[in-house]
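Report on the following structure.
For ligands, and for the atoms within them, numbers begin at 1 and follow the listed sequence.
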Amino acid sequence: MFTDSHCHLDFPELAEQLPDILYRMKVAQVSRALCVCVQLEDFHQVLSLAESYENLWASVGVHPDYENITEPTVEKLLALAKHPKVIAIGETGLDYFRLKGNLDWQRERFRVHLQAASICKKPVIVHTRMAGDHTLEILAQENVSSCGGVIHCFTETLDFARKALNLGMYLSFSGIISFKNAASLREVAKFAPIDRILIETDSPYLAPVPYRGKTNEPSFVVHVAKVIAQEKGISAEEVGVQTTRNFDQLFGLHT
Ligand SMILES: [Zn+2]
Ligand SMILES: [Zn+2]
């Protein structure tokens with residue numbers, strides 16, 4: 001019923017307890033998850049999760065915070081994205097919070113991902129932090145509407161949400177939306193059309209209330225759905241079903 005659109009099951013804190021995590025997903029009716037790649041060095045581990053389990057998928061990309069790693073090229077991304085279980089390019093984007101100084105390389109890396117995505121027609125998973133204007137500008141310049149995509153772990157403003165939706169992007173909400181100080185984020189969830197929303201954990205980070213501070217895992221995505229359900233005046237199950245449908249729509253899965 002629920003789909004976790006963004007998690008990092010290859011990270012050691014989760015990989016070590018994978019059978020338990022998959023079991024707890026099943027119990028919580030979180031039937032599927034997308035395992036997101038953050039550097040090419042890890043891609044084979046991410047892909048092997050997707051190859052081993054029918055209900056897991058993979059992406060290929062290099063996170064904007066990673067330095068001194070293999071820099072992706074359009075050709076390399078396209079080659080790795082050929083696999084049928086690789087359904088997205090990313091995570092990619094801009095992060096002006098973690099890194100400072102001349103970040104031309106970060107913007108260039110972002111463009112490389114967008115170019116690959118528009119050639120292979122697989123959607124982009126976009127990470128943006130303190131870089132909203134540049135993110136929107138580059139998404140528009142690189143014609144993101146040709147491949148589609150999602151603003152993952154959404155923490156931006158209502159104005160940003162409006163502009164991203166106009167570019168055809170989906171918005172994915174994480175456990176942050178359950179935090180006490182996240183009232184403005186809940187406003188965005190209330191505003192966003194139900195057919196353009198995804199839910200995610202970004203596990204192992206950012207566990208939702210009531211697990212805040214603990215190691216996050218896909219089964220907790222239900223608590224993200226509950227918060228959105230409250231804002232929309234519908235049930236958590238309806239949010240689960242609709243966001244699962246949106247996930248299929250965006251990533252071209254027709255099950
Ligand atoms: Zn991210
Ligand atoms: Zn992530």
Which N/O/S atom belongs to His127 and is the closest one to the Zn ion (ligand 1)?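 Of all N, O or S atoms in His127, the Zn ion (ligand 1) lies closest to ND1.
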Among the N/O/S atoms of His152, which is closest to the Zn ion (ligand 1)? Give the atom name.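 Closest N, O or S atom of His152 to the Zn ion (ligand 1): NE2.
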Let me check something: any side-chain donor-acceptor pairs from residues 160-169 under 3.5 Å, sequence neighbours excluded? List them with distances.
from   : atom 1 : to     : atom 2 : distance (Å)
Lys163 : NZ     : Asp159 : OD2    : 2.9
Asn166 : ND2    : Arg162 : O      : 3.4

Is any N, O or S atom of His6 under 2.8 Å away from the Zn ion (ligand 1)?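 For His6, the answer is no, given that no N, O or S atom comes within less than 2.8 Å of the Zn ion (ligand 1).
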Counting backbone and side-chain atoms alike, does Cys153 have an N/O/S atom under 2.8 Å from the Zn ion (ligand 1)?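 No N, O or S atom of Cys153 is closer than 2.8 Å to the Zn ion (ligand 1), so no.
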Could you check whether any side-chain heavy atom of Leu18 comes within less than 4.5 Å of a side-chain heavy atom of Leu9, counting everything from C-beta outward?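 In contact.
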Name the one of His152, Glu200, Arg196 that satisfies side chain to side chain donor-acceptor pair (under 3.5 Å) with Ser172?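 Of the listed options, the one satisfying the test is Glu200.
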How wide is the angle at the Zn ion (ligand 2) between OD1 of Asp202 and OE2 of Glu91, to the nearest 10°?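 Nearest ten degrees: 170°.
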Do the side chains of Asp65 and Arg98 get close enough for a salt bridge, i.e. N-O under 4.0 angstrom?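 Yes, this pair counts.
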Does NZ or CZ of Arg212 fall inside the cone over Phe179's six-membered ring, less than 6.0 Å from its centre and within 45° of the axis?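 Flagged: Arg212 positioned over aromatic ring of Phe179.
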